[in-house]
Amino acid sequence: MATLRTAVIGGGKVGHYHAKVLQDLEHSDFVAVAGRNPTHVQPFADQYGVKAYTDVAQMVREQNVDVVCVCTPHPAHAAVAIPALENGAHVLIEKPLASSLADCEAILDAAEQNGRKVGTIVQRRYYEPSRRIRKAIDDGKIGTPILGQVTMLGWRDQAYYESDAWRGTWDGEGGGVLVNQAPHQLDLLLWYMGEAEEVYGVWKNFNHPYIEVDDTAVATVKFKNGGLGTILVSNSQDPALYGKVHVHGSNGASVGVQTDGGAMFIAGMTEITEAPYNDLWSVAGEEEKQAEYRKHDEESFFTVDTNTYYHSLQIADFLDAVATGREPAVDGLAGRRTVELIQAIYRSTKSGLPVKLPIHE
């Protein structure tokens with residue numbers, strides 16, 4: 001595999017995770033970072049020995065960048081991804097792909113017009129218990145997935161929202177729990193159940209009066225495969241409880257993953273405290289494996305740097321996709337589907353009616 005010249009856009013907390021991965025991956029030559037504020041981006045560049053820029057297009061051109069990782073706040077994704085694509089770079093974007101469907105479409109259109117690839121970071125797909133569920137579905141062990149559930153009961157305090165000026169605002173973040181904390185679990189739900197066709201949802205702000213956006217949302221989903229789903233996500237449980245995705249099959253078997261437990265992980269602020277595990281596994285003839293799976297996952301999870309290892313698996317896949325010409329494991333369209341699901345809940349709350357998918361901007 002050829003070595004690719006790589007760069008980061010956004011020198012914040014998540015940007016450091018990407019920089020460390022790009023610096024260490026065998027086929028990555030990490031060369032540059034771009035950010036709006038030179039007083040922030042230059043120290044970041046100095047730390048990794050790369051070139052600092054405030055202009056994305058200039059960075060891509062001058063450094064002949066092959067792949068950029070976008071790590072800015074969500075509403076800025078399109079504004080930096082599009083010039084990167086137009087100047088020849090492939091783009092891997094932190095979740096969510098964007099904070100609006102219009103921005104998603106603009107990113108995907110720019111990729112198509114310039115013959116570039118787009119991917120969306122959802123590293124929880126690379127957790128072993130998450131992949132075990134996907135394989136069980138692919139192997140027909142639960143029949144057809146007919147019921148999917150996302151339950152995420154977390155907590156964010158005032159200090160969290162005050163840690164960055166853009167947090168908790170419509171303009172700066174594009175939403176609340178749905179946009180920032182829930183995309184990983186929503187991505188898994190769609191990965192397991194397939195595309196959604198109708199959504200009815202409601203969001204609320206129950207106990208965070210100092211933010212503009214949702215701290216809680218519930219929804220029901222109809223999927224194209226005939227299945228149904230429920231979504232319950234919240235940042236209003238103190239202390240935080242867990243994040244789970246469960247899938248129930250047509251043959252009666254059920255599988256699930258607790259992706260997050262206890263004190264919820266906050267990039268650059270906290271560490272993961274509980275290993276992900278299969279909290280539900282009733283596949284016929286495999287009921288006894290649940291304890292075995294959990295023991296294995298708990299023993300293996302913390303043998304790696306959990307802040308960067310699962311990012312590295314997805315970034316490595318994206319680099320290989322660029323080098324070989326294949327599609328990445330998680331492409332831009334997958335990212336758009338998650339944003340579409342989120343926007344459908346916001347629109348349903350406003351109208352009081354179910355929202356049909358796809359939504360066309």
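- Members clustered with Val122: Val330, by chain and number, using a 4.5 Å side-chain heavy-atom cutoff among hydrophobic residues.
- Summarising the geometry of Ser236 relative to Asn207, their closest heavy-atom pair is OG-OD1, 2.9 Å, with the distance given to 0.1 Å.
- Using a 4.0 Å cut-off between charged nitrogen and carboxylate oxygen, Lys13 and Asp164 count as a salt-bridge pair.
- Between Arg326 and Asp320, at least one side-chain N (NZ, or NE/NH1/NH2) sits under 4.0 Å from a carboxylate O, which counts as a salt bridge.
- Between the side chains of Asn278 and Arg294, no donor-acceptor pair of N or O atoms lies under 3.5 Å.
- Residues that satisfy the salt bridge (charged side-chain N to carboxylate O under 4.0 Å, His left out) test with Lys356, not counting sequence neighbours, are Glu198.
- A salt bridge does not link Asp214 to Lys204: none of the charged side-chain nitrogens sits closer than 4.0 Å to a carboxylate oxygen.
- Note that CG of Asp103 and CD of Glu105 are 10.0 Å apart. Values are rounded to the nearest 0.5 Å.
- With contacts defined as side-chain heavy-atom distances shorter than 4.5 Å, the pair Ser312/Asp24 does not qualify.
- For His74, the side chain to side chain donor-acceptor pair (under 3.5 Å) criterion is met by no residue, not counting sequence neighbours.
- In the hydrophobic clustering of this structure, Ile272 groups with Tyr309; members are Ile, Leu, Val, Met, Phe, Trp, Tyr whose side-chain heavy atoms approach within less than 4.5 Å, directly or through other members.
- For Ser254, the side-chain contact (heavy atoms from CB on, under 4.5 Å) partners two or more places apart in sequence, or in a different chain, are His248, Leu280, Ser282.
- Heavy-atom minimum distance, Ser99 versus Gly174: CB-CA, 3.9 Å.
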Are His77 and Glu94 close enough, and set up right, to give a side-chain hydrogen bond (donor to acceptor under 3.5 Å, both in side chains), and what steps lead you there?
CA-CA 9 Å; His77 285 179; Glu94 266 291 342; over 6 Å; no

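- Looking at Glu62 and Tyr53, their side chains do bring a donor and an acceptor atom within 3.5 Å of each other.
- Under a 4.5 Å side-chain heavy-atom cut-off, the cluster of Ile, Leu, Val, Met, Phe, Trp and Tyr residues that includes Leu147 is completed by Ile146, Leu228.
- The cluster map of Ile, Leu, Val, Met, Phe, Trp and Tyr, joined by side-chain heavy atoms under 4.5 Å apart, puts Tyr160 and Phe206 in different clusters.
- Applying the ring-ring contact (aromatic ring centres under 6.0 Å, His included) test to pairs two or more places apart or on separate chains, none has a residue in residues 315-336.
- Using a 4.5 Å cut-off between side-chain heavy atoms of Ile, Leu, Val, Met, Phe, Trp and Tyr, with links allowed through other members, Ile359 and Val221 fall into the same hydrophobic cluster.
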Are Asn37 and Thr39 close enough, and set up right, to give a side-chain hydrogen bond (donor to acceptor under 3.5 Å, both in side chains), and what steps lead you there?
CA-CA 5 Å; Asn37 190 334; Thr39 62; 2.5 Å; yes

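- Side-chain atoms of Thr6 and Ser28 include a donor-acceptor pair closer than 3.5 Å.
- Side chain to side chain, Arg61 and Asn87 meet the donor-acceptor criterion of an N or O pair below 3.5 Å.
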Please report the C-alpha distance between Asn251 and Lys141 in whole Å, then the side-chain angles of each, then the deciding distance to 0.1 Å, and finally whether the side-chain hydrogen bond (donor to acceptor under 3.5 Å, both in side chains) criterion is met.
CA-CA 8 Å; Asn251 67 1; Lys141 291 184 176 181; over 6 Å; no

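- A salt bridge is absent between Glu197 and Lys222; no separation between the charged side-chain nitrogens and carboxylate oxygens falls under 4.0 Å.
- Among residues two or more places apart in sequence or in another chain, the ring-ring contact (aromatic ring centres under 6.0 Å, His included) test is passed with Tyr127 by Phe301, Tyr310.
- Trp281 meets the ring-ring contact (aromatic ring centres under 6.0 Å, His included) test with Tyr293; sequence neighbours excluded.
- Applying the side chain to side chain donor-acceptor pair (under 3.5 Å) rule to Thr120 yields no partners; only residues at least two apart in sequence or on another chain are considered.
- When each of Ile121, Thr338, Val179 is tested with Pro96 by the rule side chain to side chain contact (heavy atoms under 4.5 Å, CB included), just one qualifies, namely Val179.
- Here the closest non-hydrogen pair linking Val65 and Val68 is CG1-CG1, 3.5 Å.
- Residues that satisfy the ring-ring contact (aromatic ring centres under 6.0 Å, His included) test with His16, not counting sequence neighbours, are Phe44, Tyr48.
- With no hydrogens or angles considered, a side-chain donor-acceptor pair links Gln185 and Thr259 at under 3.5 Å.
- Defined by atom type and a distance below 3.5 Å, a donor-acceptor pair is missing between the side-chain atoms of Gln314 and Arg125.
- More than 12 heavy atoms of other residues, nucleotides or ligands shown are found within 6.0 angstrom of CD on Glu287.
- In this structure, His208 contributes its side chain and Arg156 its backbone to a donor-acceptor pair below 3.5 Å.
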Show the numbers, then the answer: is there a side-chain hydrogen bond (donor to acceptor under 3.5 Å, both in side chains) between Tyr210 and Glu162?
CA-CA 10 Å; Tyr210 41 82; Glu162 292 177 350; over 6 Å; no

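- The closest side-chain heavy-atom distance from Asn180 to Glu173 is below 4.5 Å.
- Residues passing the side chain to side chain donor-acceptor pair (under 3.5 Å) test with Ser348, sequence neighbours excluded: none.
- Here the side chain of Asn235 pairs no donor or acceptor atom with the backbone of Asp215 at under 3.5 angstrom.
- Residue pairs meeting the ring-ring contact (aromatic ring centres under 6.0 Å, His included) criterion with at least one member in residues 88-125: none, sequence neighbours excluded.
- Here Tyr346 and Trp170 bring their ring centres to under 6.0 angstrom of each other.
- Contact annotation: the side chain of Leu101 approaches that of Glu340 to within less than 4.5 Å [non-hydrogen atoms, C-beta and beyond].
- Side-chain contact annotation: Asp46 with Gln42, donor-acceptor N/O pair under 3.5 Å present.
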